[in-house]
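The next block holds one structure in the form of structure tokens; read it before the comments.
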Amino acid sequence: PRPEWRVITDLVNSDPVRVKSDWAPFSAAGEVTLDTAGTTPVLRMPCLFAGKASDRAYWERKVSLDLCSSRGIRFHFFCSDSSPVAGFSLALRSGGGWYTASFGPEGKGRWTTVRVDRSSTGIEGRPGGWAKIDAIRISVWRGGENNTECVIANLGIEEESGTVAVVRAESAVSSGVSDAKSVCTYAGTVCRTARAAGLPAVMVSDADLAADDLKTKRVVILPYNPKMPDGVKDCLLSFVRSGGKLVSFYSHLPPELSDCAGIRTGDHVKEPSRGFFSSIRPAGGGLPGMPDVVGQASWNIIRAEPAGERARIVAVWHDSRGQSTGEPAVVASETAVHVTHVLLQDDPENKATFLLSLVGSLVPDVWQDAASVQVGAAGQFAGFPSLADAGRVPEPAAGTGSAVRAFLDEANRRRQEAEQLLASGRFIEAVQAAGRTRSAGVKAYCSAQQGAGKEFRGFWCHSAFGPAGLSWDQAA
């Protein structure tokens, strides 16, 4: 297949001898060979697990890449037999550490496209930023005793542009202030949620951030930034003083930035009882488009309050019984919005609209672009590219077909409603109607699923105490 991204031609050199020397094999890896699939050059990577105790096969290639303005790495991938494989990963070396990510083919025995998104990478060691990538490592993790082979084509860089910058606090990891998992998880959640909302979000590392990087940005989001280097603080101050807008989560704001935002952060508050921080709900009129209830099972907050008349509390925390705790959840001014905890992954549909309402309160015209994106994608669910494709699926077994058709009909009505609202310039309502379209489509898909005989169904609850507010018997 032809790539839709910029291929790094140097990584697939036309000289077979040089290719073999460029990609150094380690552990259970065989030597890389150059081949073609049609007219496309490909790398064949043999995994020699048989008779070896190695836990993986991996290859490393020295590079010199600046990925600061990219979304990440993309390539085409093929593995004819993945049965002896437990998983695949890609790592990018920078300074004294690596940016890492797992990936997996979408199907067996066919070419698939792999995207390694920078916002979904983990951190090992102390990498020196995305501008200084000097090695790439591809690993195939052992899951069986047989040999296999992987084939890679069109290894390249996916470019990215956007006006909303999500700043990942990699400096906090390098300095030991925070663990890598927290920094990467919360920044990744904000990036994915923003994109799901239709916001043009890009991930920026504070290890690379310079004033020029923010010249094309309208909003900066701080997802979890427990330590802010002076250079980054100065960049953000210059950005805000020049008219840029700021959305921040949980961490204390530096005093100078707090003054510009009109928002003051305060004490750390731990939940006095389980379920105390269970949802975020509007207060004092809220913000335009903010959902009535946003589920978020938080365990603590850092209090925030308006610093003067320029800011106000626009949402408060409610407990698992739906009662107000009186604790501020969101404080907003004309310059900034601050949320008193990190953004979690629960209640994803409302979280996307919630984040959109925060950004939209500062830059109202993002609602138009987000509405266009969401209405255009409203019929895409469960792998179907559109509602029309979902409607062509054969009817399920008797007894559920009428429910499926009813939900699909509702989804089509909601989609038409969303399109009409978008055309009339009622963008917030169009986003809400697009959400109702997706909900009806998902209900249709779930209703169409047929259970197997003697099937057991369950769900995973991370907490050893069960769902908040319920006993195990009640949850069952």
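Computed from a predicted structure; not experimentally measured. Worth knowing before you read on, the calculation uses all heavy atoms, side chains too, and leaves out hydrogens, waters and symmetry mates.
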Parallel, tilted or perpendicular, as decided by the 30° and 60° cut-offs, for the rings of Phe26 and Tyr58: parallel
Less than 4.0 angstrom from a charged side-chain N to a carboxylate O is my criterion; do [X] and [Y] meet it?
X      : Y      : value
Arg310 : Asp259 : no
Arg44  : Glu149 : yes
Arg195 : Glu160 : yes
Arg93  : Asp134 : yes
Glu159 : Arg6   : yes
Arg168 : Asp206 : no

Pairing residues for Trp130 by the ring pair (Phe, Tyr, Trp, His ring centres under 6.0 Å) criterion, not counting sequence neighbours: Tyr99
For Phe77, ring pair (Phe, Tyr, Trp, His ring centres under 6.0 Å) partners two or more places apart: Phe88, Phe103
Looking at residues at least two apart in the chain, or sitting in another chain, which of them share a salt bridge (Lys or Arg N to Asp or Glu O under 4.0 Å) with [X]?
X      : value
Glu31  : Lys20
Asp267 : none
Glu158 : Arg74, Arg115

Non-neighbouring partners of Asp346 that pass side-chain contact (heavy atoms from CB on, under 4.5 Å), sequence neighbours left out: Gln296, Ala297, Leu344, Lys351
Flag for Asp179-Ser182: side-chain donor and acceptor within less than 3.5 Å: yes
Donor-acceptor side-chain pairing of His318 and Ser279 below 3.5 angstrom: no
Crowding at NZ, Lys217 (>12 non-hydrogen neighbours, <6.0 Å): yes
Stepwise side-chain hydrogen bond (donor to acceptor under 3.5 Å, both in side chains) check, Ser27 with Ser54: CA-CA 6 Å; Ser27 198; Ser54 306; 3.2 Å; yes
